[in-house]
Number of protein chains: 2
Amino acid sequence: MLMQNNHAFDNAEKTLEALHAGQSLSSLFVSSAAESVAAGKAICWEGDKASHLFQVEEGVVRLHRIIGEGRRVITAFHFAGDLIGASLQNDFLFTAEAVTECKIRRISRKNFHEEVARSNALGPAYISLLCQEAAAAHEQMVLLSKKNAEERLCSFIVKLASRRSPQSRQGLLRVPMNRQDIADHLGLTIETVSRTITKLASRNIVVPEGRHDLRIVNLARLVQLSGDADDFSEDSCHRVNLH
Amino acid sequence: MLMQNNHAFDNAEKTLEALHAGQSLSSLFVSSAAESVAAGKAICWEGDKASHLFQVEEGVVRLHRIIGEGRRVITAFHFAGDLIGASLQNDFLFTAEAVTECKIRRISRKNFHEEVARSNALGPAYISLLCQEAAAAHEQMVLLSKKNAEERLCSFIVKLASRRSPQSRQGLLRVPMNRQDIADHLGLTIETVSRTITKLASRNIVVPEGRHDLRIVNLARLVQLSGDADDFSEDSCHRVNLH
DNA sequence: CGGTATCTTGAAGCTAGTCAATCTGCGTGG
DNA sequence: CCACGCAGATTGACTAGCTTCAAGATACCG
């Protein structure tokens, strides 16, 4: 259609740039040995000196902070190709844990900054990455500030679905994290996440298949319900397909 | 006091670094003419090409995004010395408006990046600034995710108070933004902000004096109530150190 | 000294949280 | 290979905290 939504464009651009940034920065990690991390194990801890950066080679990682007694906020999930710790200066501001069995590589912060300073391609890639993260953080702030449970869930699922994963066959979306992880990422409780999924299923929008897969029946509707679509009745769904 | 809270430390470090980063990057703006912006007027719009960066020379600026019908999120306030638009690549992801009468300076993005590339002091300052913003964004995500109205308000007031402004005489804190701005920044309604302030006043923690000043009677209590302090009446602070 | 925008206060409603019980997918071991 | 056990997920009943809607009060302006 003729209408194209700005944010759809933004996202497409961002994804491409992130890809490039990630790729060129990836070169810094190839020389280091891959480490295996079992599901649930920590990669680094909040408060520690951020002496290393990590790259996820395989698997899914969650970054979280704990405040007070038992309040956990998952600020982000990271997938294959993503860097962890790029936006840090002194200490880790989060704990990173493997959601699934992971393979990661690491590089020292000192080394990283030297290489970035040396190369004239890496600098912009690094900046670009930091800007991506900033944009993602803002998106999340909007979600946490103004969206209701259903909008949050739909936003989350759409974002997950738009990251083209290998085994995401026709309409079947792998959801590696458990309900508690999702809840802590969306600022909800596990019960509300569960109830919201049930409601979406009853409306035949997404249907859970086992604990870690969602069949996406009506992506267009999902995008509408995410609250990001500037509600064009029918055609707002293009955006996810393009790029 | 004898107890020093980690995050308090973090903040102190951050503030210093931000100061340095801001100072060195400030040099880029001195040559451009200062522009006056009346209270309430926009400086740039969400969706526009981000062709310029701005520096606030005087006054307070709010950055916001609108989603759906009338849902506004203020992602940040910027004060004298702060840069606006550093974390952007293509388009503005927010609208910037003057909260008070402002003086700002601008520089083209192209120019900015050329200068940063040329100088070897500016690069790190720029990176540092982006990391500050990332840290602030994470802080805000925690606030929006897990804090209740009172904790949000207290966090906000503490942060505002920790930025040593010129006319902040003994315990009197200038609050340039109105209640609606505060509400939209904290993910609350104006009524809840008002009620929460009333409650804090009745407990003699902060007392409003006019619409734009708060007398801070009990800062220590305010910090406790902000939920950032790991409420160590005595010892719960270990948790961050060990692991 | 009014007029108005801003803020405060009150009452009612609703969304998501809490607590508790039940169910189910999934891995394990017989 | 199937039965079992259990962590993780769902569902239900109830509650709390924030929002909404609607009056009033107050600060600040001309």
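These numbers come from the heavy atoms of this one structure, side chains and all, not from hydrogens, waters or symmetry mates. Convention: sequence-line order gives letters A, B, ...; per-chain numbering from 1. The structure displayed is predicted, hence computed values, not measured ones.
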From the list B:E97, B:H185, B:H78, side chain to side chain donor-acceptor pair (under 3.5 Å) with B:R62 holds only for B:E97
So do [Y] and [X] actually touch side chain to side chain, heavy atoms under 4.5 Å?
{"X": "B:K103", "Y": "B:S36", "result": "yes"}
{"X": "A:F77", "Y": "A:V56", "result": "no"}
{"X": "B:R72", "Y": "B:D181", "result": "yes"}
{"X": "B:T196", "Y": "B:R152", "result": "no"}
{"X": "A:I67", "Y": "B:K147", "result": "yes"}
{"X": "B:K146", "Y": "A:D184", "result": "yes"}

Rounded distance in Å - [atom1] ([X]) to [atom2] ([N]):
{"X": "A:E209", "N": "C:dG25", "atom1": "CD", "atom2": "P", "result": "12 Å"}
{"X": "A:K147", "N": "C:dT15", "atom1": "NZ", "atom2": "C1'", "result": "18 Å"}
{"X": "B:K199", "N": "C:dT8", "atom1": "NZ", "atom2": "P", "result": "13 Å"}
{"X": "A:E191", "N": "C:dT22", "atom1": "CD", "atom2": "P", "result": "16 Å"}
{"X": "B:H212", "N": "C:dT8", "atom1": "NE2", "atom2": "P", "result": "11 Å"}
{"X": "B:Q180", "N": "C:dT8", "atom1": "CD", "atom2": "C1'", "result": "14 Å"}
{"X": "B:L188", "N": "C:dT8", "atom1": "CG", "atom2": "C1'", "result": "16 Å"}

Take the C1' atoms of the five end pairs on each side of the helix from C:dC1-D:dG30 to C:dG30-D:dC1, get both axes, and report the angle to 10 degrees. 40°
Identified side-chain contact (heavy atoms from CB on, under 4.5 Å) partner of B:V61 from the options B:V37, B:T100, B:I43, B:V99: B:I43
C:dA16 phosphate, OP1 or OP2: any side-chain N/O from A:T192 under 4.0 angstrom? no
Check every strand shown and say whether [X] touches a base, only sugar-phosphate, or nothing at a heavy-atom separation below 4.0 Å.
{"X": "B:I197", "value": "nothing"}
{"X": "B:R179", "value": "sugar-phosphate"}
{"X": "B:T198", "value": "sugar-phosphate"}

With hydrogens left out and only the distance checked, is there a donor-acceptor pair under 3.5 Å joining B:R195's side chain and the base of C:dT9? no
Along DNA chain D, first and last positions that approach a heavy atom of chain B under 4.0 Å: D:dC18 to D:dC28
Donor-acceptor contacts under 3.5 Å from residues 201-208 of chain B side chains, at least two apart:
unit_1, atom_1, unit_2, atom_2, d
B:S202, OG, B:K199, O, 2.7
B:R203, NH2, B:E150, OE1, 2.5
B:R203, NH2, B:E150, OE2, 3.0

